[in-house]
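Just the heavy atoms: all of them, side chains too, but no hydrogens, waters or symmetry mates, feed the values below. Throughout, a chain's letter reflects where its sequence line sits, starting with A, and its residues are numbered from 1.
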Amino acid sequence: MPHQCMNCGSVYPDEAEELMHGCSHCNSTLFLFTKDADPQDTDTLHEERDAVLEEIDAFLANVANTEDSHSHSIVFDLESIKIEEDGVYAINLRRLLEKLPLIVELKEGAYHIHLPSAFTQGEVSRFDVSTLEEKEEK
Amino acid sequence: MRNLLARLFSFFKKQQDISIGVYGPPNVGKTTLANRISSDLTGEELGSVSEIPHETREIQKKERMELQANANTLSFNLLDMPGISTKVDYRDFTEHGMEADAAKGRAKEATKGIVEAIKFLEEVDACLVVFDATEDPYTQVNITVLGNLEAKQIPIVIVANKIDGDNADPATIEEAFPQHPMVEISAKEGTNMEQLYDTVVHKLAH
Amino acid sequence: MLSRPPRDNEPLDGVPIEFVSQDMLRSKSFQDKLAYILDRVQDNMILVLEESLTPEEKKELITQSVEHIDDTFPGIEFSSMENRPRAFEKMMNTFARRVLRKEQRSGGLTIVGNSNVMEKVKENRNSISLLAKTQDSASRGGV
């Protein structure tokens, strides 16, 4: 039972619709990838969720500080902002406005954030936010 | 997730003043309008204005303003938002004489400001959506932002600004978005501000 | 980026401009009309429509086009000539007669494209100047 809603604890399998649209019980769009582990209780879930949200906020706050001089198209914030060249930004409003469901995986002490398509068949995942942790090298 | 947090916050917010966000593309006169409202109601302005687009790159807030109309009082916080656009190009600033490095820094800040303004759509209780009445209202930014506000059922007053300009055509704006009250003004000249205040109180004070 | 093979004497680079008659537009359903326009705009063509688009059509076109925005497609743009003074209507009718070989039944002409291939240079009371970009400058404008 791989994915758990980080708000209400409901558990969903890999290809569940809810991963694409949000939890059917509480509408939350953040899921924890628990692999084959037992589902966690809501207190623990909420703690992890808060930690993830803090990280996402800190990450978004860093938008203005990203080193982009050696990049061609660093993509961050889930492909809603693209740096086309130094000083030129393309903003996809629709994506910025969408609350894309996210799947959070705790791997080696760091939170990795994926789009649900990384876990379902059919749509190829084009993006894994964890690659942005290497943004300094890009 | 943010939904749940937002719901909790709005419960607490009901006990406080409402937040009115001033949204729109760059250079339509949002800050000029916010300054006009702020000066009319508190004697102070809240932001700087420039012909160079994206002058406002951070949310500028003026708290505890009060509007009265017909025995109704509206207490609110006014939030002047950075102008939203789908592209930010430092060359739009260099053509106003800014040098390249400063322009690139401004472009970064403007982009960040847009992200902030969009995030804040979750927090505002009502919006003044400002249009330049001399420009075509059918743009991606206008349609997308309005559509999003409507989906969230956030009350909107449409402001057709710059009616003092040549070719000002507020009727086209009204025709485009007939479902919201529209007021035509000139924030720069102060024309029709009373009508704007009346409309805002009428729409938002219960 | 033509969506069909180039014909004889047709320049290989350049911006395809298609004039679409009122009859053609009127013969289509709402959705078919929008799809017709959107497909061509996504193919980097400029369309000159022999009629005004209604507010609903414009809003729906924008809303639908936003779903397709990506590296190669920046979104749709319009310039319309409508609600203009009588003198201009006369000018438009002359243009329509000479260029489109059609009598204008109602005022209005709409130019639709995307910013890869078209830049609104000036929109005045009586005229709209557009710059059609060639493939070279179009690709510079993209990724």
- [ ] Verify the neighbour count for atom CD of B/Q179: are there more than 12 heavy atoms of other residues, nucleotides or ligands below 6.0 Å?
- [x] yes
Task: B/R91 portion near chain A, given a 4.5 angstrom heavy-atom threshold - done: side chain
Open item on the list: Atom CD of residue position B/E58 - does it have more than 12 heavy atoms of other residues, nucleotides or ligands inside 6.0 Å?
Closed with: no
- [ ] Would you mind telling me which of B/I114, B/I118, B/D92 has the largest number of heavy-atom pairs within less than 4.5 Å of chain A?
- [x] B/I118
- [ ] Please report the shortest heavy-atom distance between A/G87 and B/A107, naming the atom on each side.
- [x] O-CB, 3.5 Å
- [ ] Work out which heavy atom in B/I84 is nearest to a heavy atom in A/L93; give both atom names and the distance.
- [x] CG2-CD2, 3.7 Å
Open item on the list: Can you tell me if B/H96 has over 12 outside heavy atoms packed within less than 6.0 Å of its NE2?
Closed with: yes
Open item on the list: Is it the case that over 12 heavy atoms from other parts of the model lie below 6.0 angstrom from the CD atom of A/Q40?
Closed with: yes
Task: Under 4.5 Å from any heavy atom of chain A - which part of B/N148 - done: side chain
